[in-house]
Amino acid sequence: MRDKKLLRIALRYRAIYLDIDPKEIDLETKPTPAVLAFVARLRENGFSVNEDLLHALCMVSATELAGITAVIDDVMGVKLNWATLVKGWNVPTGETRADHLTTFFANLIGGAKVGLEGCTLPCGCFIPEGTFPLERYTGCPFCGTPFTTANFVYKGQASKLKELRLFTEEDLKQVYQYLLASPTPLDATQKDSFEKLIDIYGLPDNVEISMKETAMLAVKHLVANGQQAQAQALLKTPTDILRYLWYEKTGYVQIIEPRTLIAQARRFYYHMFGPLDQSEYAGKEMKEKLKLKYDRKHCQCVASWINNLALSPQQATENMNAKRGMWVRMIRALRLGEYSRRKGYEHLADILDAFYRQEQPTWLGILQQARNNRDTQTVLQMLKQRPGLFARSLFATMLRFGCEETMEAFEQVTDQMPSRLLLSLGNAAEKYFDPDATRTAHPITGYTISISKNKLLSLYSPADLRAMVARVKQCYILSLKHSFAAQATKARTIYIAPSLFDIPISVGDRSATIQDTSCALMGTRFPVEGDAVRLFLQWGKGLHAQPLDMDISCHIAFENGKTEDCAYYRLKATGAKHGGDIRAIPEMVGTAEYIELSLPELAEAGAKYVTFTANAYSCGALSPNLVVGWMNSAYPMKVSEKTGVAYDPSCVQHMVRISESNLSRGLVFGVLDVDEREITWLEMPFISQNIQGCDFTAVNALLQRLRNKLSIGQLLEIKAEAQHLSLAPSPDEADEAYTYEWALNPAEVSALLNM
């Protein structure tokens with residue numbers, strides 16, 4: 001089990017974990033028949049191996065190689081059901097809405113009972129003669145119930161293989177250290193890897209974890225292992241304690257208000273067809289779930305944590321005031337008033353006394369009063385006391401109190417801020433100060449909203465706004481240069497892979513999907529080699545047979561402003577074909593849907609962009625362990641004429657898995673630029689049962705924001721300039737080499753900002 005977990009983590013970094021000593025690898029060893037057979041199996045799944053890994057494989061037994069093959073097959077889903085509703089769906093069936101309407105009325109009046117000619121299927125649906133061509137379907141074309149599963153997939157059709165490298169114990173421990181020290185929030189893939197690694201390696205002594213969300217994962221591990229006292233070092237404020245308690249209750253490392261979760265549950269279980277709407281019931285169920293109940297052991301643990309905080313009662317109270325309503329509930333549920341009267345809990349008693357009395361004005365209250373009084377000096381002096389808050393309110397402060405005065409004060413505290421915060425300001429400035437730009441926000445509650453512009457923008461001329469953008473960018477670039485220049489290095493040359501200039505730095509992009517075969521950063525661009533892109537959606541793995549309707553769709557935007565959808569309600573669109581709408585899953589192995597895009601047809605019709613989406617049509621969020629992605633190959637990809645199977649793991653260019661903590665009903669997971677023949681990987685959640693509820697203005701805004709972000713390559717150019725490094729033409733000729741494989745570790749990329 002331990003090795004399987006490590007192997008799965010290594011595969012995310014395009015590597016295979018082997019429990020060997022790399023110093024013992026014999027580069028003269030000839031591959032054994034077992035190793036050659038293993039490499040052939042890898043090739044069928046779209047992987048190849050580099051020379052070091054090839055020789056390292058000779059050091060492990062055939063049994064271990066078989067185990068590695070089984071893990072890779074499981075990750076790639078080759079043993080799941082990939083049959084679709086239509087056989088040979090690349091040739092349309094010709095079904096129409098009239099067929100569905102005729103079948104609906106035939107079933108309404110009793111079909112066979114009234115003497116209509118037709119066929120009654122195993123699901124109970126009556127299909128009138130002359131409607132659907134039943135010989136073309138593997139299930140019911142009316143209700144979407146599958147009758148057939150397929151126990152095979154195509155293999156080895158890929159034109160390009162993904163090279164795997166060797167990972168040993170030391171490599172994985174290094175990954176673990178990068179995750180612990182990451183200066184940016186861990187995405188779902190990193191979080192999953194971190195949870196596996198902390199269970200295997202434990203938490204190092206005297207570790208410093210910069211991200212609060214990462215610290216919560218560590219606290220959970222310590223508490224689960226009975227080390228509550230050791231967790232105290234990671235819980236430095238009441239908010240940290242509340243964050244952990246809420247994470248333990250809801251599974252989310254961010255503090256989401258109860259009313260937000262209740263409203264979210266109602267949205268998830270709303271259905272456009274009234275009788276299926278469960279929104280009110282879901283809201284009541286969530287409210288009941290969020291009720292707080294703790295045993296004595298838990299109460300004493302939390303009381304001790306608060307009592308041992310190294311904060312004064314006034315500091316603790318101010319920290320608690322931001323979530324005062326939640327703290328009132330927690331204090332009652334945890335019986336903290338009772339514990340505060342016990343001997344040894346005097347500090348807890350003082351904190352609770354200050355919390356309830358509210359005698360002293362809070363820092364934020366004083367700041368707001370100064371803002372209302374237009375007291376510029378007081379506002380700026382107070383903001384300098386809290387650089388993080390100053391950074392988050394910088395743009396609004398510039399508009400309210402003037403650019404020069406605000407930036408002069410801000411530049412005095414930039415050396416106290418993490419580089420990631422300054423970088424996020426530089427990325428956001430252009431959008432914020434553009435009165436015509438569409439700004440979006442992506443709350444952790446699973447949808448995307450558009451943000452209205454700041455009204456104060458109208459007070460400034462376009463030249464003034466451009467000057468503000470330039471001043472912000474100058475500030476963060478100078479700060480980065482100073483930070484890099486302060487780092488000691490013996491290097492004289494640096495290699496920067498060209499592909500890194502197409503990958504934006506991941507700052508502020510929270511990903512809720514797990515990437516089991518890569519760790520691509522949002523905004524990464526994937527070139528399309530062939531003339532077809534095949535989207536796929538697989539769901540239902542490990543679930544019993546039941547109605548569960550997930551949909552894959554795409555939105556085609558043309559140069560003339562026209563748009564088309566290819567979805568369950570339109571199986572054939574310009575340059576796109578859908579494999580059929582499945583609305584129920586078979587036992588344990590799940591089911592699949594596909595869409596194939598023809599780039600020549602799209603280009604000829606004047607298509608500009610194609611947006612890929614997945615939706616939960618059934619009530620609730622996207623199904624856990626749902627897998628979505630796309631395939632691409634320079635050669636034609638097959639479609640089975642018997643089962644409709646069109647999946648080939650070797651052709652998968654990118655795939656993601658929905659995590660258990662997903663808070664999304666719809667997901668935009670890619671945008672195809674038809675002219676450039678490249679796909680941009682992005683993750684934009686939205687709340688809708690189908691693609692028609694997606695805000696494509698927000699999609700374009702997100703895509704533009706990713707394109708405007710500082711890329712990894714540009715950041716490395718700043719580093720090279722600051723440290724006086726010359727560019728090398730290849731990795732072998734450089735003292736420091738930054739390749740695409742290096743960028744597969746987002747935590748290692750983020751380490752550039754950990755200064």
Side-chain angles (χ1 to χ4, degrees), residues 174-186 204 206-212 214-215 236 380 383-392 394 404 406-429 469-497 500-501 503-508 521 709-728 731 733-739 742-743 745-755:
Q174 187 65 48
V175 168
Y176 182 37
Q177 290 300 322
Y178 278 125
L179 293 175
L180 281 169
S182 174
T184 57
L186 302 183
N206 302 319
V207 64
E208 286 291 332
I209 302 178
S210 57
M211 288 306 304
K212 296 294 185 184
T214 308
K236 300 176 181 179
L380 296 179
L383 286 175
K384 286 195 291 184
Q385 296 171 19
R386 298 191 178 182
L389 181 61
F390 199 170
R392 288 188 288 274
L394 177 64
E404 286 304 316
T406 300
M407 287 303 299
E408 285 178 8
F410 183 72
E411 287 169 353
Q412 293 174 24
V413 294
T414 53
D415 58 341
Q416 302 175 37
M417 301 180 194
S419 297
R420 62 179 175 83
L421 195 54
L422 296 172
L423 185 59
S424 65
L425 290 174
N427 288 333
V469 174
R471 187 65 188 273
V472 172
K473 290 191 174 183
Q474 179 188 27
C475 175
Y476 89 81
I477 290 176
L478 286 175
S479 177
L480 288 173
K481 286 182 177 180
H482 291 158
S483 298
F484 282 126
Q487 291 179 320
T489 179
K490 296 180 180 179
R492 291 291 176 268
T493 57
I494 185 174
Y495 171 76
I496 306 172
L500 299 184
F501 289 90
I503 305 176
I505 290 286
S506 180
V507 174
L521 296 172
K709 272 190 169 187
L710 186 77
S711 70
I712 297 176
Q714 290 171 324
L715 179 64
L716 290 170
E717 281 187 330
I718 294 173
K719 170 183 167 67
E721 182 181 349
Q723 297 179 344
H724 306 290
L725 304 177
S726 57
L727 297 177
E733 301 176 51
D735 298 326
E736 291 184 10
Y738 296 93
T739 62
W742 166 81
N745 186 348
E748 194 170 348
V749 175
S750 297
L752 285 173
L753 304 174
N754 196 13
M755 299 174 289

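Side-chain atoms are counted along with the backbone in the values below, which use heavy atoms only and exclude waters and symmetry mates.
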*Check whether more than 12 heavy atoms from other residues, nucleotides or ligands sit under 6.0 Å from atom CD of Glu208, and answer yes or no.*
no
*Do Ile494 and Leu727 come close enough that some side-chain heavy atom pair is under 4.5 Å?*
yes
*Report yes or no: does Ser483 contribute a side-chain atom to a donor-acceptor pair with the main-chain N or O of Ser479 at less than 3.5 Å?*
yes
*Smallest separation among heavy atoms of Met211 and Pro185, with atom names*: CE-CG, 3.6 Å
*asked:* For a 4.5 angstrom cut-off between non-hydrogen side-chain atoms, does Glu411 reach Leu478?
replied: no
*Minimum heavy-atom separation for Ile712 to Trp742, with atom names?*
CG2-CZ3, 3.6 Å
*asked:* So which atom in Ala728 and which in Tyr495 form the shortest heavy-atom distance, rounded to 0.1 Å?
replied: O-CD1, 3.4 Å
*Over all heavy atoms of both residues, which pair between Ala743 and Leu500 is shortest? Give the atoms and the distance, please.*
CB-CD2, 3.6 Å
*Do the non-hydrogen side-chain atoms of Glu717 and Phe501 ever get within less than 4.5 Å of each other?*
yes
_Gap between atom CG of Leu715 and atom CD1 of Ile503 - 0.5 Å precision_ = 12.5 Å
*Gln416 side chain vs Val413 backbone, donor-acceptor pair below 3.5 Å*: no
_Gap between atom CG of Leu725 and atom CZ of Phe484 - 0.5 Å precision_ = 10.5 Å
*Atom of Lys473, atom of Gly426 and distance for their closest heavy-atom approach*: CE-O, 3.9 Å
_Pairwise side-chain contact, Thr414 with Leu422, heavy-atom cut-off 4.5 Å (strictly under)_ = yes
*Is there a donor-acceptor pair under 3.5 Å between the side chain of Asp735 and the backbone N or O of Arg492?*
yes
*Do Leu421 and Pro387 have side chains that get closer than 4.5 Å, going by heavy atoms?*
no
*Work out which heavy atom in Phe390 is nearest to a heavy atom in Thr406; give both atom names and the distance.*
CZ-O, 3.9 Å
